[in-house]
Chemist: 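The structure is given below, and queries will be raised subsequently.
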Amino acid sequence: MPTETLALTWPVLCAVLFGALLHAGWNALVKSSADKSMDMAVIHLIGSVLALPLVLLVGLPPMASWPFIGASVLIHIGYYIATTQAYKHGDLGLTYPLMRGVAPLLVALSATFTLGETLTPLAWAGIIGICSGVLVLGLSRHALHARKAVGFALANAVIIAIYTVVDGLGVRASGNALQYVATLFLLDGWPFGLLMMARRGRAMADYARHRWPVATGGALASLGSYGIALWAMTRAPVATVAALRETSVLFAVLLGCWLLKETFTLRRFVGTCIIVGGVMAIRLA
């Protein structure tokens with residue numbers, strides 16, 4: 001798809017922001033779980049099951065997109081492992097913003113070479129603004145005392161950037177975002193899920209039996225969130241979509257203040273203002 005046909009319209013912007021809200025929702029479910037590794041495995045296994053009727057309905061994507069789907073499935077195994085290790089060694093409030101805030105900047109830096117996209121100075125300002133705001137929301141002085149968590153989160157930022165570029169190229173090669181995301185989700189949940197089953201055995205089955213109603217909601221939110229993002233990547237530059245998707249961190253903070261009565265500190269206010277300014281800059285670019 002020629003780069004000049006890509007534009008961030010208001011409908012695309014609103015869709016990506018809604019997808020970011022869904023992304024914040026399913027990550028909040030993981031945060032609320034007693035075992036984050038098993039929760040992630042159960043959510044994505046259920047996502048694979050839910051994707052089956054969708055694949056039967058919309059069909060498989062063209063062969064040109066299959067190498068990207070295969071690569072993405074493999075890369076996501078690393079993503080799940082790095083995510084669970086980051087959560088094991090540090091709080092979600094530290095690791096999640098760090099890996100989600102750095103990844104879009106890496107995508108933008110590589111966009112010219114990998115995606116053939118050239119960003120305007122205003123778009124760059126917006127991407128940097130969103131990434132900076134996300135980091136302001138998440139990082140604190142405690143990050144200096146959680147080196148393992150920071151290390152896994154930064155490694156995961158690289159992994160996120162890689163699969164974002166791969167899926168951006170793949171969904172454009174497929175020409176049909178729904179076919180691509182349905183097939184990706186059909187295959188994506190099994191490797192990590194089977195790995196967790198091999199490691200945790202019956203405990204995994206018991207956990208899934210009690211957690212499946214909540215995990216199903218998380219799976220639907222995950223499928224919807226990434227489906228919207230991949231569709232948007234066929235309409236707008238991947239780097240701007242990747243940055244806008246990370247406003248999920250802002251939604252997570254706002255949900256925490258509203259539902260959990262968390263304090264809306266000065267740092268959160270500053271981070272929110274920076275993110276909103278970044279979104280406006282991207283839309284005006």
Chemist: Tell me, please, which residues at least two apart from Met204 pass side chain to side chain contact (heavy atoms under 4.5 Å, CB included).
Modeler: Met38, Ala41, Val42, Leu45, Met196, Met197, Arg200
Chemist: Parallel, tilted or perpendicular: which fits the ring planes of Tyr163 and Tyr226, with parallel below 30° and perpendicular above 60°?
Modeler: perpendicular
Chemist: Not counting sequence neighbours, list each pair that qualifies as a salt bridge (charged side-chain N to carboxylate O under 4.0 Å, His left out) and has a residue in residues 98-113.
Modeler: Arg100-Glu246
Chemist: When rounded to the nearest 0.5 angstrom, what is the spacing between OG1 in Thr112 and CG in Leu119?
Modeler: 6.5 Å
Chemist: Nearest 0.5 Å please: distance from the CD1 atom of Ile77 over to the CD1 atom of Ile81.
Modeler: 7.0 Å
Chemist: Near Arg202 CZ, under 6.0 Å, is it more than 12 heavy atoms from other residues, nucleotides or ligands?
Modeler: no
Chemist: Sequence neighbours left out, what passes side-chain hydrogen bond (donor to acceptor under 3.5 Å, both in side chains) with Arg199? Give chain and number order.
Modeler: none
Chemist: Could you tell me which residues satisfy ring-ring contact (aromatic ring centres under 6.0 Å, His included) with Phe152, sequence neighbours excluded, listed by chain and number?
Modeler: His89
Chemist: List for me each residue that meets ring-ring contact (aromatic ring centres under 6.0 Å, His included) alongside Phe192, sequence neighbours excluded, and say none if there are none.
Modeler: Tyr80
Chemist: State the CD-CG distance between Gln179 and Leu230, to the nearest 0.5 angstrom.
Modeler: 13.0 Å
Chemist: Can you tell me if Trp124 has over 12 outside heavy atoms packed within less than 6.0 Å of its CH2?
Modeler: yes
Chemist: Taking all non-hydrogen atoms of both residues, which atom of Ala239 and which atom of Ala108 are closest, and how far apart?
Modeler: CB-CA, 3.8 Å
Chemist: Apart from Leu284 itself, which Ile, Leu, Val, Met, Phe, Trp or Tyr residues share its cluster (side-chain heavy atoms under 4.5 Å, direct or through members)?
Modeler: Leu122
Chemist: Report the C-alpha separation of Val136 and Ile274 in whole Å, then their side-chain angles, then the decisive distance to 0.1 Å, and conclude whether the side chain to side chain contact (heavy atoms under 4.5 Å, CB included) test is met.
Modeler: CA-CA 9 Å; Val136 168; Ile274 295 173; 4.3 Å; yes
Chemist: Kindly compute the distance separating CG (Leu115) from CG (Leu6), expressed to the nearest 0.5 Å.
Modeler: 9.5 Å
